[in-house]
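As the structure is a computational prediction, the values presented were derived from the model and not from experiment. Side-chain atoms are counted along with the backbone in the values below, which use heavy atoms only and exclude waters and symmetry mates.
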Amino acid sequence: MNSQKILVCAAWPYVNGDIHIGHLAGYFIPADIFTRFCRLKGIDTVFVSGSDCHGTPITVEADKRGITAKELVSEYIPKVHEIIEQYGIDYSLFTSTITDNHKKVTQEVFLNLFKNGYIIKKKSQQYYSESDNKFLPDRYVEGECPFCHAKGQRADQCEVCGRTIGLGELIEPYSKLTKAPVTLKETEHYFVDFPKLENSIKEYVLNHENAWKDWVFKETIGFINEGLQERAITRDLDWGVEIPVDELPENQRIEFAGSKRFYVWFDAVIGYLSATIEYCNSKNLDYKDYWNNKDCLHYYFMGQDNLTFHTIFWPGQLIGQNLYYNLPYFPSIVKFLNANGQKLSKSRGNIIDAKQVANHFGADAIRFYITSILPENKEGNWDWTDFKNTINAELVGNIGNFVHRVLTFYKNKLSAEKFEAELDSAVETKINETFTVVSDLLEKNQFVAALNEVKKFSTYGNQYFDYNKPWEKLKLAPQEANKIIFNCLQIVNSLRILFYPFIPEASHRLSNTLGLTNLNPTPGTNQFQFTSLPLTDINLVENLVPLFKKLEETDVEAFTASV
RNA sequence: CGCGGGGUAGAGCAGUGGCAGCUCGUCAGGCUCAUAACCUGGAGGUCGUCCGUUCGAAUCGGACCCCCGCAACCA
């Protein structure tokens with residue numbers, strides 16, 4: 001990873017509900033760890049995302065509540081910003097898909113695809129409700145299964161007999177929302193000609209076989225090998241980015257274009273490009289330095305439900321621009337996070353709300369735990385007993401205790417006189433090794449393993465302390481005790497740097513405790529490495545308090561009972 | 001036969017033909033500067049099931065069972 005620049009793209013939260021631990025594990029936290037790490041390495045790193053505001057589910061939710069879609073998203077957007085603030089997610093820009101800039105960029109992307117021959121128009125039959133005067137996606141249509149005659153089945157598949165239901169085969173279809181009857185009606189839409197882009201997309205994917213995670217590559221290539229199909233990019237809906245149909249020749253316009261909008265999947269991914277442009281405009285930068293510069297690597301963070309959109313469709317949209325845009329370099333995709341062994345779902349009532357849980361336990365504890373159970377290659381599970389054990393044993397008992405025992409020993413027994421001592425070569429080697437290993441793992445987006453190395457490093461500190469017994473040396477050979485604590489302080493200072501990507505609040509608290517300025521990433525300066533800290537730089541605070549607070553049995557009970 | 005992932009100690013995982021391991025938890029003893037960590041020792045496995053290949057299988061082949069994601073209108 002010797003690139004000059006990095007663009008970090010995190011998936012866009014869909015703003016029809018509150019943020020929960022699944023969103024945190026899926027992209028907020030891994031993308032933030034990576035961004036903070038890159039910046040500390042001195043790499044110019046831009047980190048963009050925003051609220052995904054369009055699509056039918058938003059309009060349905062708004063209807064249900066008797067407000068407009070615009071009002072609904074305006075209510076949720078500030079809530080997402082609160083989460084970002086609370087967890088310290090270090091975005092360069094967190095915008096939304098309802099900006100004028102996004103609208104303009106989306107339309108340009110469409111027009112380029114059209115100009116380059118990748119857009120076709122096609123008529124098809126879709127369910128339409130006369131009484132509601134609107135088209136309905138299959139997911140909102142129910143009826144009787146034509147095979148087993150089970151009632152209340154979804155339009156595409158019967159859950160009772162398992163058979164696939166073809167368009168128009170459902171008996172007495174009706175709207176799930178209003179129960180009004182629906183009928184098939186013809187409608188015209190634009191499609192992206194993915195069969196035409198298939199070879200280019202496949203070539204792109206094959207070029208990344210060794211770089212991507214094994215399962216990500218397999219899923220992607222498996223999907224492509226089934227043959228890509230034309231994919232609709234417009235909907236009969238009044239909420240979304242308008243179609244710039246006036247810019248097209250008359251015989252290429254779809255009918256009733258004014259009552260249609262771009263399909264949400266099409267405009268949401270374009271957000272990565274539009275957000276970079278918005279950010280660069282606000283900073284007097286050129287977005288091409290990030291999108292056309294081959295030394296700028298693009299990392300994408302998302303959950304597995306988003307895989308094909310980022311490894312197939314979005315690259316296809318970009319290739320079809322013929323503007324030589326950078327394609328995704330590494331899709332950092334995680335599987336799902338369950339809670340107490342079950343899939344997160346509102347109906348099961350096991351959603352763990354991101355805001356509530358951080359209010360109760362602190363963002364650091366949540367960041368630490370989620371990172372330790374990140375579903376990198378298989379599903380992860382949030383378990384309250386495991387949560388308490390992890391926090392108490394690893395974060396508090398091992399890491400926090402090491403920092404605290406060193407600082408209290410230094411303050412209470414030694415710091416009256418400032419001393420300088422030799423760095424033990426074994427300690428120096430260990431510190432350097434740790435930075436190298438953690439750095440390598442973070443570059444490869446192996447966050448669980450990277451955090452494990454930090455834990456091991458703290459264990460090493462504890463072992464070094466115990467083995468050298470400074471409390472005994474204090475009586476017999478005070479100089480020896482000085483040397484041991486000097487070495488331990490170097491480990492503590494290294495932990496302060498290692499914390500920065502994972503638990504930034506703790507890194508800041510430790511800086512304050514030591515009387516040092518907070519770490520401040522500077523382009524071109526690598527701070528993610530060992531730097532000897534002279535003791536004259538340390539000005540310990542008067543009242544030493546432990547970095548992390550131990551969880552009592554009742555803490556978890558109080559939280560789970562309160563939600 | 002739609003595509004893909006998975007099943008190994010209480011939990012989470014590593015292990016692709018040669019004595020079944022790691023982290024956490026757990027039990028006993030030691031040490032003690034600290035929110036107590038560390039050290040030493042122990043308990044805990046039918047490696048999903050069955051069949052096969054082999055001197056030897058968690059590992060290779062076959063069949064089956066179970067769990068999960070995707071399946072193009074779930075963002």
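Nearest nucleotide to the His404(A) side chain, out of C73(B), A34(B), G4(B): A34(B). Distances were taken from every side-chain heavy atom of Pro546(A) (C-beta onward) to each of C39(B), A37(B), U35(B); the shortest belongs to U35(B). Picking from G69(B), A72(B), C33(B) the nucleotide with the shortest atom distance to the side chain of Lys413(A) gives C33(B). Proximity note for Arg235(A) (side chain, C-beta onward) versus U32(B), A72(B), C73(B): the nearest is C73(B). In this structure, the nucleotide among C39(B), G4(B), C70(B) sitting nearest to the side chain of Gln463(A) is C39(B). Comparing C38(B), G25(B), A72(B) by their closest approach to the side chain of Asn398(A) singles out C38(B). Closest approach to the Val396(A) side chain among U35(B), C24(B), C73(B) is made by U35(B) (side chain taken as heavy atoms from C-beta onward). Counting only heavy atoms from C-beta on, Phe313(A) has its side chain closest to A72(B) among G69(B), A72(B), C38(B). Side-chain atoms of Glu226(A) lie closest to G2(B) of the nucleotides G2(B), C33(B), C73(B).
Phe457(A) places its CZ atom 15 Å from the P atom of C38(B), with the value rounded to the nearest Å. Phe402(A) places its CZ atom 17 Å from the P atom of C33(B), with the value rounded to the nearest Å. Atom-to-atom, CG of Leu395(A) to P of A37(B) comes out at 13 Å; the value is rounded to the nearest Å. In this structure, CD1 of Ile391(A) is placed 18 Å from P of G12(B), rounded to the nearest angstrom. Atom CG in Asn381(A) sits roughly 9 Å away from atom C1' in A11(B) (whole-Å rounding). As rounded to whole Å, 11 Å separates atom C1' of C74(B) from atom CG of Asn306(A). At whole-Å resolution of the value, CD1 in Ile233(A) and C1' in A72(B) are 15 Å apart. Here the P atom of nucleotide A36(B) and the CG atom of Leu547(A) are 15 Å apart, to the nearest Å.
Checked options Thr220(A), Val216(A), Asn445(A), Asn306(A); the residue passing with Pro331(A) is Val216(A) (criterion: side chain to side chain contact (heavy atoms under 4.5 Å, CB included)).
Judged by distance alone with a 3.5 Å cut-off, a donor-acceptor contact links the side chain of Asn401(A) to the base of A34(B). The base of C24(B) is not paired with the side chain of Asp386(A) by any donor and acceptor separated by under 3.5 Å. Side-chain atoms of Gln126(A) come within donor-acceptor range of the base of C73(B), with a qualifying N/O pair under 3.5 Å.
Between Tyr467(A) and C38(B), no base-stacking contact is recorded for ring centres under 5.5 Å apart and planes less than 30° from parallel. A distance cut-off of 5.5 Å between ring centres, combined with a plane angle under 30°, leaves Phe409(A) outside any stacking arrangement with the base of C33(B).
More than 12 non-hydrogen atoms from other residues, nucleotides or ligands lie less than 6.0 angstrom from NZ of Lys455(A).
With no hydrogens or angles considered, a side-chain donor-acceptor pair links Lys202(A) and Asn225(A) at under 3.5 Å. Trp314(A) and Tyr300(A) are linked by a side-chain donor-acceptor pair at a separation below 3.5 angstrom, with hydrogens and angles left out of the test. Residues Asp267(A) and Thr106(A) bring no donor and acceptor atom of their side chains to less than 3.5 Å of each other. With hydrogens and angles left out, the side-chain atoms of His189(A) and Asp236(A) include a donor and acceptor closer than 3.5 Å.
Here Gly227(A) lies in heavy-atom contact (under 4.0 Å) with a base. When heavy atoms are screened at a 4.0 angstrom cut-off, Gln229(A) is found touching base atoms of the nucleic acid. Residue Lys335(A) is in sugar-phosphate contact alone, with no base atom involved, counting any heavy-atom pair closer than 4.0 Å across all strands shown.
Distance noted for atom C1' between G25(B) and A11(B): 8 Å (whole Å). Separating the P atom of A36(B) from that of C19(B) is a span of 42 Å, rounded to the nearest Å. Distance check on atom P: A14(B) versus G7(B) gives 7 Å, rounded to whole Å. Going from the C1' atom of C73(B) to that of G15(B) covers 44 Å, rounded to whole Å.
Salt bridge Arg405(A)/Asp466(A): present, at least one basic N to carboxylate O contact under 4.0 Å.
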